[in-house]
Amino acid sequence: MFLCVPVVFYRLHVRRRDATFNCGPVTASPTAPAPLTCGSAPMNTRDSRELVQSAGVWPWIASLQVNGTHMCGGTLVTADAVLSDASCFTMYPNASYWTVELGRRNLNGPNSFNMTLGVKSITLSNLTGDNIAVLMLSSAPRLSDYIQPICLDQGMGSFLNNNDCWMAGWGMGQGGAQETLQEFNTTVVGCSNTSSSDYICTEALTVRQGDAGGPLMCKSGNSWTQVAGLPNVMGNSSMVRSERAADQSMFTSTTRFSIFLRETLGSLPSPTNVTTTSAPTTTTTTTTTTTTTATTTATTTAPTTTTPTTSNASDARFSMSYLLLLSSIYLFSALV
């Protein structure tokens, strides 16, 4: 598209404004990327039970592998970070040992939408008792209906009595020959042996080796939120967070790690059904007004209009003076 812009200039000898037109291509301003959202699972119709019937049902689920062997589960929580259980990295603490598979449904057999990514760093929380791990990926995956981040519960809502909660993982010996991802439905209930907000309890669930690091997740509105991570049921009993008590399973809530997550990841994505709008802060001085929003910072310069100091009357006086000058020069030339 071309736009012709008038350029105004003055010819000094006639004091008359002439206009020309400069034509050139109009360059479109770059569009700011949309903010990252979380918890969206377009392929999740919730028709399946136990065996996940199609790809994309849990688009944040990750298989953490060493030399191509599944070791633990995990979840994509930002554009380039995966959350898992800290105990998964006791034997292989170095990031170079690990790869992360996203978009995968079967550990064996065909997967049309999976991506394999390297791990740049592994950061462990250091609280007393249970801990989590954040894996920074070597590159950000290409997001699609089959790869999306999940939201993390930061204590902003209650999931008590929510019956649309699920765990998912590749438990050892499950899923048939293709080792298909497993899922199990449950309900969040009040914990019978603790009132601490550091824990969340559900109806009884069985967590198997290979499930560790995967999510316990609940749906709220249109978004899915990870409320806890699945425990490592091997090794030290202090790492087993799925304790049976009156037909309950107890897990360490993600809210316990809120400070660690903020320090490690910074800001987290917002749920798909929540629009975060911050009121603009306006600072006014005698010369400048700056408006800043939380999501986009833009500087706009208002067009400057210069009012001509020469009026029509002054133009007329100039023209008369110019004519008198020409007449004087003509008479002087005639006399000479």
Practice task
Write down the atom of Trp170, the atom of Ala62, and the distance for their closest heavy-atom approach.
Solution key: CZ3-O, 3.6 Å
Exercise for the section: Spell out, as yes or no, whether a donor-acceptor pair under 3.5 Å connects the side chain of Thr78 to the backbone of Ala81. Expected result: yes
Problem - Side-chain H-bond candidate by donor/acceptor type, Gln226 with Thr254, under 3.5 Å - result: no
Handout entry: Pairwise side-chain contact, Leu107 with Ser63, heavy-atom cut-off 4.5 Å (strictly under)
Key = yes
Exercise for the section: Nearest 0.5 Å please: distance from the CZ atom of Phe159 over to the CG atom of Leu216. Expected result: 10.0 Å
Handout entry: Donor-acceptor pair, side chain of Asn131 and main chain of Leu127, under 3.5 angstrom
Key = yes
Problem - Any side-chain heavy-atom pair of Gln209 and Met172 under 4.5 Å - result: yes
Handout entry: Single-linkage hydrophobic cluster, 4.5 Å side-chain cutoff, Leu135 and Met91 together
Key = yes
Exercise for the section: Going by the side-chain hydrogen bond (donor to acceptor under 3.5 Å, both in side chains) test, name the single residue among Gln65, Arg104, Glu101 that passes it with Thr116. Expected result: Glu101
Exercise for the section: Look up atom CZ in Arg105 and atom CG in Asn114, then write down how far apart they are to the nearest 0.5 Å. Expected result: 12.0 Å
Fill in the blank from the handout: Tightest non-hydrogen contact, residues Ile122 and Pro93, listed as CD1-O, 3.9 Å
Fill in the blank from the handout: So CH2 of Trp224 and SG of Cys151: to nearest 0.5 Å the spacing works out to 12.0 Å
Exercise for the section: Determine whether Arg142 and Ile147 make a side-chain contact, defined as any pair of heavy atoms from C-beta on separated by less than 4.5 Å. Expected result: no
Practice task
Apply the test side-chain contact (heavy atoms from CB on, under 4.5 Å) to residues Leu152 and Leu261: give CA-CA distance (whole Å), side-chain angles for both, the deciding distance (0.1 Å), then the verdict.
Solution key: CA-CA 10 Å; Leu152 292 178; Leu261 290 169; 3.9 Å; yes
Exercise for the section: Would you mind telling me which of Ile61, Val227, Thr225 makes a side chain to side chain contact (heavy atoms under 4.5 Å, CB included) with Pro215? Expected result: Ile61
Handout entry: Path from Leu64 to Val66 over hydrophobic side-chain contacts below 4.5 Å
Key = yes
Problem - Cys38 vs Leu268, side-chain contact (heavy atoms from CB on, under 4.5 Å): CA-CA, chis, key distance, verdict - result: CA-CA 9 Å; Cys38 59; Leu268 294 170; over 6 Å; no
Exercise for the section: To the nearest 0.5 Å, tell me how far Cys88 SG sits from Leu124 CG. Expected result: 10.5 Å
Handout entry: Over all atoms of both residues, closest heavy-atom pair of Arg256 and Asp130
Key = NH1-O, 3.1 Å
Exercise for the section: Could you verify whether a donor N or O on one side chain and an acceptor N or O on the other, from Ser196 and Thr194, lie under 3.5 Å apart? Expected result: no
Handout entry: Side chain Asn161, main chain Val189, donor-acceptor under 3.5 Å
Key = no
Problem - Within one Ile-Leu-Val-Met-Phe-Trp-Tyr cluster: Leu36 and Val100, side-chain cutoff 4.5 Å - result: yes
Problem - N/O donor-acceptor pair under 3.5 Å between His70 side chain and Gly210 backbone - result: yes
Problem - Polar side-chain atom of Gln248 near backbone of Ser192 as donor-acceptor pair, under 3.5 Å - result: yes
Practice task
Please name the pair of heavy atoms, one in Trp58 and one in Ala168, separated by the smallest distance, quoted to 0.1 Å.
Solution key: CD1-CB, 4.0 Å
Exercise for the section: Consider only side-chain N and O atoms of Ser40 and Gln148, and report whether a donor and an acceptor are under 3.5 Å apart. Expected result: no
Problem - Criterion side-chain contact (heavy atoms from CB on, under 4.5 Å) on Met136 and Thr123, from CA distance to verdict - result: CA-CA 8 Å; Met136 299 306 300; Thr123 306; 5.6 Å; no
Exercise for the section: Give a yes-or-no answer on whether the side chains of Thr69 and Asn67 include a donor-acceptor pair shorter than 3.5 Å. Expected result: no
Fill in the blank from the handout: In short, Trp60 meets Gly39 closest at the heavy-atom pair CZ3-C, 3.9 Å
Completion exercise
Here the gap from Ser253 atom OG to Ile200 atom CD1, rounded to the nearest 0.5 Å, amounts to 5.5 Å
Exercise for the section: For Ser258 and Thr255, indicate whether the former's side chain and the latter's backbone hold a donor-acceptor pair under 3.5 Å. Expected result: yes
Handout entry: side-chain contact (heavy atoms from CB on, under 4.5 Å) between Ile150 and Met217, intermediate numbers included
Key = CA-CA 9 Å; Ile150 191 173; Met217 49 201 165; 3.9 Å; yes
Problem - Main-chain N/O of Tyr146 paired with Ser144 side-chain donor or acceptor, under 3.5 Å - result: yes
Practice task
Report yes or no: do Thr180 and Asn106 form a side-chain donor-acceptor pair below 3.5 Å?
Solution key: yes
Exercise for the section: For Asp211 and Gly171, indicate whether the former's side chain and the latter's backbone hold a donor-acceptor pair under 3.5 Å. Expected result: yes
Exercise for the section: Using a 4.5 Å cut-off on heavy atoms from C-beta on, say whether the side chain of Asp145 contacts that of Phe113. Expected result: no
Practice task
Return yes if some donor-acceptor pair links the side-chain N/O of Asn44 with the main-chain N/O of Ala41 below 3.5 Å, else return no.
Solution key: no
Exercise for the section: Please answer whether the main-chain N or O of Ile132 pairs with a side-chain N or O of Ser125 as donor and acceptor at a distance below 3.5 Å. Expected result: yes
Problem - Side chains of Leu117 and Ser139 in contact at under 4.5 Å (non-hydrogen atoms) - result: yes
Handout entry: Side chains of Val134 and Val77 in contact at under 4.5 Å (non-hydrogen atoms)
Key = no
Completion exercise
So CZ of Phe251 and OG1 of Thr202: to nearest 0.5 Å the spacing works out to 4.5 Å
Exercise for the section: Check whether the side chains of Thr187 and Asn163 place a donor and an acceptor atom closer than 3.5 Å, and report yes or no. Expected result: no
Practice task
Report, as yes or no, whether the 6.0 Å neighbourhood of atom OH on Tyr97 holds more than 12 heavy atoms from other residues, nucleotides or ligands.
Solution key: no
Exercise for the section: Examine the side chains of Asp164 and Trp166 and answer whether a donor and an acceptor come within less than 3.5 Å of each other. Expected result: yes
Practice task
Might you point out which heavy atoms bring Pro231 and Val207 nearest each other, and give the distance in Å?
Solution key: O-CG1, 3.7 Å
